[in-house]
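First listed ligand is number 1; within each ligand, the first listed atom is number 1.
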Amino acid sequence: MIIEVLASKEAVGKRASEYIVNQLQNKKSSTICFATGSSPLPMYAHLIELYKSGSISFAAAHAFNVDEYCGLGETHPQSFRYYMKENLFDHIDLPLKNQNYLHGDACDFKAEAENYEKKIAELGGIDLQILGIGENGHIGFNEPSPRFSENTQVVELTEETIAVNSRFFENPDEVPRYAITMGIREIMKARMLLMIATGKSKAEAVKKMIEGEITPACPASIIQQHENAVVLLDYEAASFLQ
Ligand code: GLP
């Protein structure tokens, strides 16, 4: 695992975008799996700048998303599909046909999950997986549980996650109770993991992820086993590390 500690979340975003540039330079048709939340926003803003200055193109890339709320369609402002369009996809040259996402308003989530994994496999797997970490150590929406999840599936969100994510909703009652997420095994299949964590609220989870035992009680700890994982932190998120 490579760990880089940078001075600010903006510096983390800039550094993270360098990994994306490098990935697309090595393979224009890279398959990238994106994450939502506040952590990757500086990276997305920087990628848009790089695109506008002609330094990067997503024209041959393929995109996926690690998770989505159940019940929210793509026009819902809190859906992750909407977030990706607003914060990145509508501002770059990634073709619409190459934008894959989990449909939060799917009628059949089992079929949705199977089709999603099939599409990823058809494209040869994920080259670069972007991840954030929840305050409880979740990755995607894989919450702490007795064992590591495997496939893409519907999960029940913990009260903690609902409370943390309620900041994005007008009313905490509007936060969906269920989400569909790629499983840990699917996430770990990516050829490279790029984990981004910033802010003091992540310090405890970051410590467990990097220095703790590998346990499904902290799902992010599994990335210790990945052969090509990069963790980008700001000082605050890194502040509890030995
Ligand atoms: C959310 C998402 C994750 C995200 C994480 C951290 O609930 N499901 O994909 O990485 O929690 O979010 P944030 O960056 O806003 O702290």
Side-chain angles (χ1 to χ4, degrees), residues 6 8-10 12-13 15-17 32-46 63-72 76-84 86-88 100-104 113 116 126 128-145 149 152-169 172 174-184 186-188 190 193-209 218-223 229-234 236-239:
L6 297 121
S8 64
K9 62 182 181 188
E10 285 72 28
V12 168
R15 181 72 181 125
S17 60
I32 301 176
C33 188
F34 291 91
T36 55
S38 42
S39 313
L41 285 174
M43 171 179 69
Y44 295 151
H46 199 65
F64 287 83
N65 251 82
V66 68
D67 52 7
E68 179 59 281
Y69 286 117
C70 289
L72 304 193
H76 192 291
Q78 296 311 330
S79 73
F80 292 163
R81 169 63 178 160
Y82 189 95
Y83 167 108
M84 287 311 306
E86 281 279 297
N87 292 301
L88 185 64
N100 303 282
Y101 56 96
L102 289 159
H103 294 74
Y116 203 64
I126 288 165
L128 177 58
Q129 171 72 59
I130 296 160
L131 291 171
I133 182 172
E135 289 176 27
N136 63 0
H138 73 211
I139 47 175
F141 265 135
N142 294 285
E143 301 279 38
S145 64
S149 65
T152 302
Q153 59 187 276
V154 170
V155 294
E156 186 172 7
L157 301 178
T158 60
E159 287 304 322
E160 184 183 3
T161 294
I162 291 167
V164 169
N165 285 8
S166 67
R167 71 189 190 278
F168 297 115
F169 291 79
E174 288 174 21
V175 185
R177 268 36 194 172
Y178 292 88
I180 180 165
T181 182
M182 286 169 63
I184 297 287
E186 283 296 302
I187 290 171
M188 287 291 283
L193 302 182
L194 183 61
M195 161 65 75
I196 299 168
T198 55
K200 192 87 185 173
S201 67
K202 300 295 171 66
E204 186 67 43
V206 164
K207 183 178 169 59
K208 286 184 184 159
M209 168 175 72
C218 176
S221 62
I222 193 79
I223 76 166
V230 174
V231 181
L232 302 181
L233 307 170
D234 66 359
E236 289 186 338
S239 59

For D234 and L6, indicate whether the former's side chain and the latter's backbone hold a donor-acceptor pair under 3.5 Å.
no

closest protein heavy atom to atom 10 (O) of ligand 1 is G132 CA, 3.2 Å

Only one of V66, I180, N165 passes side chain to side chain contact (heavy atoms under 4.5 Å, CB included) with F141, and that residue is N165

In this structure, atom 7 (O) of ligand 1 is nearest to the protein heavy atom N165 ND2, 2.9 Å

Check whether S166 reaches the backbone of P172 with its side chain - one donor and one acceptor, N or O, closer than 3.5 Å.
no

Here the atoms of ligand 1 under 4.0 Å from any heavy atom belonging to S38 are 13 (P), 14 (O), 15 (O), 16 (O)

task = Please say whether more than 12 non-hydrogen atoms of neighbouring residues, nucleotides or ligands are located less than 6.0 Å from NZ in K202.
result = yes

Looking only at protein heavy atoms, what sits closest to atom 12 (O) of ligand 1 is G37 CA, 3.9 Å

When every non-hydrogen atom of A197 is compared with those of I133, the smallest separation belongs to CB-CG2, 3.7 Å

Counting heavy atoms under 4.0 Å, the part of V164 that contacts ligand 1 is neither

Atom 6 (C) of ligand 1: closest protein heavy atom, distance to 0.1 Å, is I133 O, 3.5 Å

Atom 14 (O) of ligand 1: closest protein heavy atom, distance to 0.1 Å, is S39 OG, 2.4 Å

Closest to atom 4 (C) of ligand 1 among protein heavy atoms sits T36 O, 3.9 Å

Side-chain donor/acceptor of Y44 to backbone N/O of T36, under 3.5 Å: no

query = Any heavy atom of K9 sitting closer than 4.0 Å to ligand 1?
reply = no

**Prompt:** Is a side-chain N or O of E68 found less than 3.5 angstrom from the main chain of R81, in a donor-acceptor match?
**Reply:** yes

Heavy-atom proximity to atom 11 (O) of ligand 1 ranks first, among R167, E68, H138, for H138

Whether the Y83 and N65 side chains hold a donor-acceptor pair (N or O, under 3.5 Å, no angle test) is what I'd like checked.
no

Backbone N/O of F168 and side chain of Q78: donor-acceptor pair under 3.5 Å: yes

Ranking D67, N65, N142 by closest non-hydrogen atom to atom 9 (O) of ligand 1, top hit is D67

At the 4.0 Å heavy-atom cut-off, does K202 count as touching ligand 1?
yes

**OP:** Give yes if a backbone or side-chain nitrogen or oxygen of G140 is under 3.5 Å from a nitrogen or oxygen of ligand 1, and no if not.
**Re:** yes

